[in-house]
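Just below is one structure, and these are the notes that go with it.
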Amino acid sequence: MEAVECASSSSSSSPVVFHRLVTLTLSVTLTLVGRAQPVPVTTAEPLGCTDSATAKYSLTFTGKWTKAAFPKQYPIYRPPAQWSTLIGVTHSSDYHLWQRNEFASNGVREFTEKGEAWTLMKEVEAAGECIQSVYGLFSAPAVLDGTGQRTSEFEVFARHSFLSFMVRIVPSPDWFVGVDSLDLCEGGQWKENVSLELFPYDAGTDSGFTFSSPNFETIPQDKIAQITSALPSHPANSFFYPRLKHLPPMAKVTLTKINKTNHIFTLPLEPTQSNQLPTGNEIEETLVNTPLDCEMSVWSPWGLCKGKCGDSGVRHRTRYIHLHPANNGAACPPLEEERKCVQDNCL
């Protein structure tokens, strides 16, 4: 996200100012476990999209991160696979919360590495105050499993019809899923329904290869990039599946336009029956089974030749299993090999 520098206001400035975004109470701190707080939103006069000046949407985030779909190094404990709080922004076309092939801001770095949203919220607030590009800020509770659903509601405005959001993959070095600048106004009409599959991204700030890698700062910082089954092309990477052309989706988001009830909405402090939808096998999704081939170490050096002096002997070498196969992946080859030899230094 681009850095925002405030310039002095002039008489020609737009009258629609940052109170559109939120009356942000920056005592709110959204952390990994992500308890969303009330976020008041004040709408402005109707402008733009001819269907309606404003539109209200329901957002449903669905985690699809299963051991069957992503068997390699799947996190079981400390912590198990889960999703952070969702941070979402509605904005105009000249703003980006994050952007592929661009450098992550400090706020994005802190959120993707630690799940801390304070700096990111300050950056959003600054964009709303200085360049009047942001209309609303909202969140959804964390999903404390690899699968599960959370919902939230948000409002878009005619001149601020774009949606962006991020959800951190937990645990991970600096990986996330999200959407950058989805325009909900098309041909003068608000879209009724949108469904998108979500794939992992690397924020470019930490060089860890696995979900549980220790902190390893990327110097110099890389740009945000999509993670694929072949990139990064290192066999230790948690998403490295060379047999796959494409990774299966890790999550999905569904947006549904709803009737507007009022202009101020409160996000729940705790998951409730209305926003905590079924998880696991209760979600009707096609089961994905990604084959994971056995991964072996290199061979050890050949051992000493064993046998009676004057006769041919045998020497051995061994290797061990890095990763056991899963979901009909290639089986592990033999762990030991032998070959004939002739005794040296016979007495």
Side-chain angles (χ1 to χ4, degrees), residues 32 34 59-86 100 112 115 140-151 165-179 194-203 208-213 224-255 276-295 321-332:
L32 176 63
L59 179 151
T60 300
F61 174 84
T62 304
K64 301 172 70 175
W65 185 14
T66 65
K67 188 174 183 179
F70 298 92
K72 188 173 183 179
Q73 302 161 357
Y74 186 82
I76 303 298
Y77 59 91
R78 296 183 180 178
Q82 57 190 274
W83 302 94
S84 78
T85 298
L86 179 150
R100 185 176 178 176
T112 57
V143 180
L144 302 180
D145 198 350
T147 61
Q149 293 181 333
R150 294 291 185 266
T151 64
F165 71 83
M166 304 179 69
V167 185
R168 180 180 181 240
I169 299 170
V170 182
S172 75
D174 60 342
W175 302 338
F176 69 97
V177 298
V179 166
V194 179
S195 183
L196 298 172
E197 293 183 327
L198 305 178
F199 298 88
Y201 281 86
D202 187 324
F209 273 128
T210 68
F211 293 117
S212 57
S213 291
I224 296 173
Q226 185 172 347
I227 300 171
T228 71
S229 59
L231 291 174
S233 57
H234 193 292
N237 188 274
S238 293
F239 289 107
F240 187 70
Y241 296 96
R243 288 178 57 181
L244 299 184
K245 290 185 178 179
H246 307 285
L247 288 175
M250 207 170 184
K252 76 172 184 179
V253 63
T254 303
L255 307 171
Q276 185 173 356
L277 300 179
T279 60
N281 294 331
E282 296 172 325
I283 300 175
E284 294 184 3
E285 291 289 344
T286 302
L287 183 63
V288 176
N289 287 289
T290 299
L292 178 63
D293 296 337
C294 179
E295 293 186 11
I321 298 172
H322 277 312
L323 279 175
H324 289 273
N327 304 330
N328 296 316
C332 293

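Since we're looking at a predicted model, the values are computed, not measured.
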Under a 4.5 Å cut-off applied to non-hydrogen side-chain atoms, are [X] and [Y] in contact?
X	Y	answer
Trp83	Trp65	yes
Leu198	Phe61	yes
Leu86	Leu59	yes
Pro71	Tyr241	yes

What pair of heavy atoms forms the shortest contact from [X] to [Y], and how long is it?
X	Y	result
Thr254	Ser195	OG1-OG, 3.8 Å
Ser213	Pro173	CB-CG, 4.4 Å
Arg150	Leu144	NH2-N, 4.3 Å
Phe209	Pro232	CE2-CB, 4.1 Å
Thr151	Ala140	O-CB, 4.1 Å
Ala251	Gly63	CB-CA, 4.2 Å

Under 3.5 Å donor-acceptor, [X] side chain and [Y] backbone:
X	Y	answer
Ser238	Phe211	yes
Ser229	Leu244	yes
Gln73	Asn237	no
Tyr74	Ala69	no

Q: Determine, stepwise, if the pair Phe176 / Val167 fulfils side chain to side chain contact (heavy atoms under 4.5 Å, CB included).
A: CA-CA 6 Å; Phe176 69 97; Val167 185; over 6 Å; no

**Q.** Val170, Thr112, Asp202 screened by side chain to side chain contact (heavy atoms under 4.5 Å, CB included) with Trp175, the one that passes
**A.**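 Exactly one option meets the side chain to side chain contact (heavy atoms under 4.5 Å, CB included) with Trp175, and it is Asp202.
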
Interatomic distance, [X] atom [atom1] to [Y] atom [atom2] [nearest 0.5 angstrom]:
X	Y	atom1	atom2	answer
Met250	Thr66	CE	OG1	9.5 Å
Lys252	Lys64	NZ	NZ	6.0 Å
Arg168	Asp174	CZ	CG	9.0 Å

